[in-house]
Amino acid sequence: MEENKLVGNEEWLYRRAYLKYMYPNGSATSRAFKLRPKDDGQLSVDIASLTSPEVSIGDQLKFGLLKIKNESVIQCELKTYFDAVPGNQAHALIVGMEMEDEVKPALLAEGSQRVWL
């Protein structure tokens, strides 16, 4: 991925997660940020300044929405790249995590907060 497509430190990112991966108090479990085999090593997020919480979350009965500052992603030695796709110009990818990694997803969950709609 091109370096000029890196997302800035100060950007907020939205991560949609199944409600079952959130605690009742709104905090996230590490599973909300864990890679799945179909992710191909890239965690999908939206850049908050380019979308709205309502658009990013989609189905509120199925998903919760988390926000995390990209600076927290960078502190985990990960990188976030712009990755606009048809129908979602806010799409980005967090890269640099391994499927087996348990620590980085936990750190990302710890650094995130729920967006209440």
Side-chain angles (χ1 to χ4, degrees):
M1 295 196 178
E2 298 173 38
E3 289 295 320
N4 64 351
K5 291 192 173 201
L6 276 172
V7 175
N9 296 18
E10 297 303 311
E11 289 280 1
W12 284 92
L13 307 172
Y14 289 141
R15 171 74 177 153
R16 183 174 75 170
Y18 286 107
L19 289 171
K20 66 183 177 181
Y21 299 141
M22 294 187 172
Y23 295 112
N25 69 0
S27 63
T29 69
S30 62
R31 188 68 186 99
F33 289 92
K34 184 117 174 73
L35 288 171
R36 300 166 298 177
K38 74 176 196 168
D39 293 330
D40 196 30
Q42 304 171 331
L43 197 65
S44 209
V45 294
D46 285 341
I47 299 166
S49 64
L50 300 178
T51 190
S52 70
E54 294 79 12
V55 170
S56 196
I57 194 171
D59 184 351
Q60 294 183 42
L61 298 176
K62 192 176 182 181
F63 300 106
L65 191 65
L66 300 162
K67 72 177 183 177
I68 186 168
K69 200 161 207 171
N70 194 42
E71 186 173 41
S72 296
V73 173
I74 294 166
Q75 288 172 354
C76 290
E77 299 178 356
L78 302 171
K79 293 183 178 182
T80 308
Y81 291 93
F82 288 102
D83 184 55
V85 294
N88 186 359
Q89 295 303 301
H91 189 256
L93 295 168
I94 296 174
V95 299
M97 201 166 12
E98 300 292 328
M99 278 289 297
E100 305 78 25
D101 197 338
E102 298 289 338
V103 174
K104 289 178 183 173
L107 291 171
L108 293 172
E110 200 174 281
S112 72
Q113 44 189 280
R114 182 152 182 194
V115 176
W116 296 96
L117 303 178

Practice task
Indicate if Val55 and Leu93 have the same hydrophobic cluster label, given that clusters are the connected sets of ILVMFWY residues with side-chain heavy-atom separations under 4.5 angstrom.
Solution key: no

Practice task
Return the minimal non-hydrogen interatomic distance between Met97 and Phe33, and the atom names on each side.
Solution key: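 Closest approach of Met97 to Phe33: CE-O, 3.6 Å.
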
Handout entry: Same apolar cluster: Val73 and Ile47, side chain cutoff 4.5 Å
Key =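 Yes, it is one cluster - the side chains of Val73 and Ile47 are joined through contacts under 4.5 Å.
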
Practice task
Hey, could you give me the NZ/CD distance between Lys104 and Glu77, rounded to the nearest 0.5 Å?
Solution key: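 Spacing of NZ (Lys104) from CD (Glu77) equals 5.5 Å.
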
Handout entry: Least distance between heavy atoms, Lys34 atom then Glu100 atom
Key =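 Here Lys34 and Glu100 meet closest at NZ-C, 4.0 Å.
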
Problem - Thr80 side-chain N/O to Ile94 backbone N/O, donor-acceptor pair under 3.5 Å - result: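 No, Thr80 side chain to Ile94 backbone: no donor-acceptor pair under 3.5 Å.
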
Problem - Any donor-acceptor pair under 3.5 Å from Lys79 side chain to Val7 backbone - result: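 Answer holds: no.
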
Problem - Value rounded to 0.5 Å, distance of CG in Asn88 from OG in Ser44 - result: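 One gets 7.5 Å once the value is rounded to the nearest 0.5 Å.
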
Fill in the blank from the handout: Heavy atoms of Leu117 and Pro53 approach each other most closely as CD2-CB, 3.3 Å

Problem - Qualifying residue, where the test is side chain to side chain contact (heavy atoms under 4.5 Å, CB included) with Val45 and the options are Leu13, Ile68, Asp83 - result: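 Considering Leu13, Ile68, Asp83, a side chain to side chain contact (heavy atoms under 4.5 Å, CB included) with Val45 is found only for Leu13.
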
Practice task
Following the transitive rule for hydrophobic clusters with a side-chain heavy-atom cut-off under 4.5 Å over Ile, Leu, Val, Met, Phe, Trp and Tyr, establish whether Phe82 and Leu43 coincide in one cluster.
Solution key: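 Yes; Leu43 is reachable from Phe82 via cluster members.
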
Handout entry: Distance (rounded to the nearest 0.5 Å) between Asp40 CG and Leu35 CG
Key =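 Asp40 atom CG to Leu35 atom CG measures 9.5 Å (nearest 0.5 Å).
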
Practice task
Kindly determine whether Leu50 and Gln89 satisfy side chain to side chain contact (heavy atoms under 4.5 Å, CB included), including the steps that lead there.
Solution key: CA-CA 7 Å; Leu50 300 178; Gln89 295 303 301; 6.0 Å; no

Practice task
Flag yes if Ile57 and Tyr21 sit in one hydrophobic cluster, no otherwise; membership is Ile, Leu, Val, Met, Phe, Trp, Tyr, and two members link when side-chain heavy atoms are under 4.5 Å apart.
Solution key: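 Both belong to a single hydrophobic cluster.
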
Practice task
Evaluate the criterion side chain to side chain contact (heavy atoms under 4.5 Å, CB included) for residue pair Lys20 and Lys62; output intermediate values, then yes/no.
Solution key: CA-CA 9 Å; Lys20 66 183 177 181; Lys62 192 176 182 181; over 6 Å; no

Handout entry: CZ on Arg114 to CG on Asn25, rounded to 0.5 Å
Key = 10.0 Å

Practice task
Compute whether any side-chain donor of one residue and acceptor of the other, for Ser30 and Glu102, lie under 3.5 angstrom apart.
Solution key: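 Looking only at side-chain atoms, Glu102 and Ser30 do not form any donor-acceptor pair under 3.5 Å.
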
Exercise for the section: Give a yes or no on this: more than 12 heavy atoms of other residues, nucleotides or ligands lie within 6.0 Å of atom CD of Glu54. Expected result: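 Check passes, neighbour count above 12.
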
Problem - Heavy-atom pair of closest approach, residues Leu66 and Ser112 - result: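 For Leu66 versus Ser112, the nearest heavy atoms are CD2-OG, 4.0 Å.
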
Practice task
Please identify each residue that fulfils side-chain hydrogen bond (donor to acceptor under 3.5 Å, both in side chains) with Asn9, with sequence neighbours left out.
Solution key: none

Problem - Taking every non-hydrogen atom, the tightest pair across Ser72 and Leu108 - result: O-CD2, 4.4 Å

Handout entry: Pair Thr51-Asp46, side-chain donor/acceptor within less than 3.5 Å
Key =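 No donor-acceptor contact under 3.5 Å links the two side chains.
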
Exercise for the section: Supply the atom-to-atom distance Leu78 CG to Asn70 CG, rounded to the nearest 0.5 angstrom. Expected result: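 Rounded to the nearest 0.5 Å, the CG-CG separation comes out at 9.5 Å.
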
Problem - Nearest atoms (heavy-atom pairs only) where Tyr14 meets Ser56 - result: CB-OG, 3.4 Å

Problem - Euclidean distance, Leu65 CG relative to Gln60 CD, rounded to 0.5 Å - result: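 Answer rounded to 0.5 Å: 9.0 Å.
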
Handout entry: hydrophobic_cluster_shared for Val95 and Leu6, side chain cutoff 4.5 Å
Key = yes

